[in-house]
Amino acid sequence: MSNQKSVAIINSKAPFSSSNGQDSLDVAMVFGSYEQTISLFFHGDGVYQLIDDQQAELINKKDYLKTFSALEFYDIEKIYVCQTSLQERGLTQSRFHLDNVVTLDKTDFSDELHQHDAIFRF
């Protein structure tokens with residue numbers, strides 16, 4: 001019997017509005033280091049975390065978004081974004097700093113989310 005659990009981490013906050021984005025990445029990498037199955041979900045203002053070329057230094061913040069490049073080392077490859085959240089903010093996937101993001105409509109986003117054993121919201 002495997003102890004491996006599937007974990008969903010929901011990102012719903014803008015990248016530099018609080019520590020939530022950095023905290024969610026830290027949690028993802030901790031679970032990943034214990035070989036848990038991790039999926040990242042982005043909706044609401046959390047979709048801004050996926051946008052390339054942000055300049056955190058202009059607001060005196062550390063640019064934790066560079067940490068996304070380490071996800072592959074933790075086998076975190078399932079990354080989902082809510083299509084409605086993108087549309088409401090006038091964003092497209094072409095602006096993402098990651099190539100492996102899957103865009104899902106609200107129903108598929110919810111269905112995929114609820115396939116996990118545990119859900120953490122940031």
Please determine whether residues [X] and [Y] belong to a single hydrophobic cluster, defined as Ile, Leu, Val, Met, Phe, Trp and Tyr linked transitively by side-chain heavy-atom distances below 4.5 Å.
{"X": "F73", "Y": "Y34", "answer": "no"}
{"X": "L98", "Y": "F109", "answer": "no"}
{"X": "L91", "Y": "F68", "answer": "yes"}
{"X": "L25", "Y": "I51", "answer": "yes"}
{"X": "V101", "Y": "Y74", "answer": "yes"}

Would a 4.5 Å heavy-atom cut-off, applied to side chains only, mark [X] and [Y] as touching?
{"X": "D105", "Y": "T84", "result": "no"}
{"X": "F120", "Y": "V7", "result": "yes"}
{"X": "V81", "Y": "V102", "result": "no"}
{"X": "R121", "Y": "I9", "result": "no"}
{"X": "L71", "Y": "I79", "result": "yes"}
{"X": "S39", "Y": "Y80", "result": "yes"}

To the nearest 0.5 Å, how far apart are [atom1] in [X] and [atom2] in [Y]?
{"X": "D26", "Y": "S19", "atom1": "CG", "atom2": "OG", "result": "9.0 Å"}
{"X": "R95", "Y": "D52", "atom1": "CZ", "atom2": "CG", "result": "9.0 Å"}
{"X": "L86", "Y": "H43", "atom1": "CG", "atom2": "NE2", "result": "12.5 Å"}
{"X": "R89", "Y": "C82", "atom1": "CZ", "atom2": "SG", "result": "8.5 Å"}

Inset, instruction - Take N100 and E72, measure what side chain to side chain contact (heavy atoms under 4.5 Å, CB included) needs, and give me the verdict at the end. - result: CA-CA 10 Å; N100 59 331; E72 67 181 289; over 6 Å; no

Contact summary for [X] and [Y], nearest pair of heavy atoms:
{"X": "D108", "Y": "L104", "answer": "O-CD1, 3.9 Å"}
{"X": "F31", "Y": "I38", "answer": "CB-CD1, 3.1 Å"}
{"X": "L40", "Y": "A28", "answer": "CD2-CB, 4.0 Å"}

Legend entry - Pair F16-Y64, ring pair (Phe, Tyr, Trp, His ring centres under 6.0 Å): steps then yes or no: CA-CA 9 Å; F16 304 108; Y64 74 89; 5.6 Å; yes

Legend entry - Within the 6.0 Å centroid threshold, strictly below: F41 and H116: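 Yes, the ring centres sit under 6.0 Å apart.
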
Donor-acceptor under 3.5 Å ([X] side chain, [Y] main chain):
{"X": "N20", "Y": "K13", "result": "no"}
{"X": "Q36", "Y": "S6", "result": "no"}
{"X": "E35", "Y": "G32", "result": "no"}
{"X": "S110", "Y": "T107", "result": "no"}
{"X": "S12", "Y": "F122", "result": "yes"}
{"X": "S85", "Y": "G44", "result": "yes"}
{"X": "H97", "Y": "Q49", "result": "yes"}

Inset, instruction - Could you walk me through whether D111 and Q115 pass the side-chain hydrogen bond (donor to acceptor under 3.5 Å, both in side chains) test, one step at a time? - result: CA-CA 7 Å; D111 290 346; Q115 297 299 313; over 6 Å; no

Legend entry - Q93 and T103: side chain donor to acceptor below 3.5 Å: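 Short answer, yes.
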
Legend entry - Intermediate values then yes/no, ring pair (Phe, Tyr, Trp, His ring centres under 6.0 Å), F42 and Y48: CA-CA 9 Å; F42 295 86; Y48 289 116; over 10 Å; no

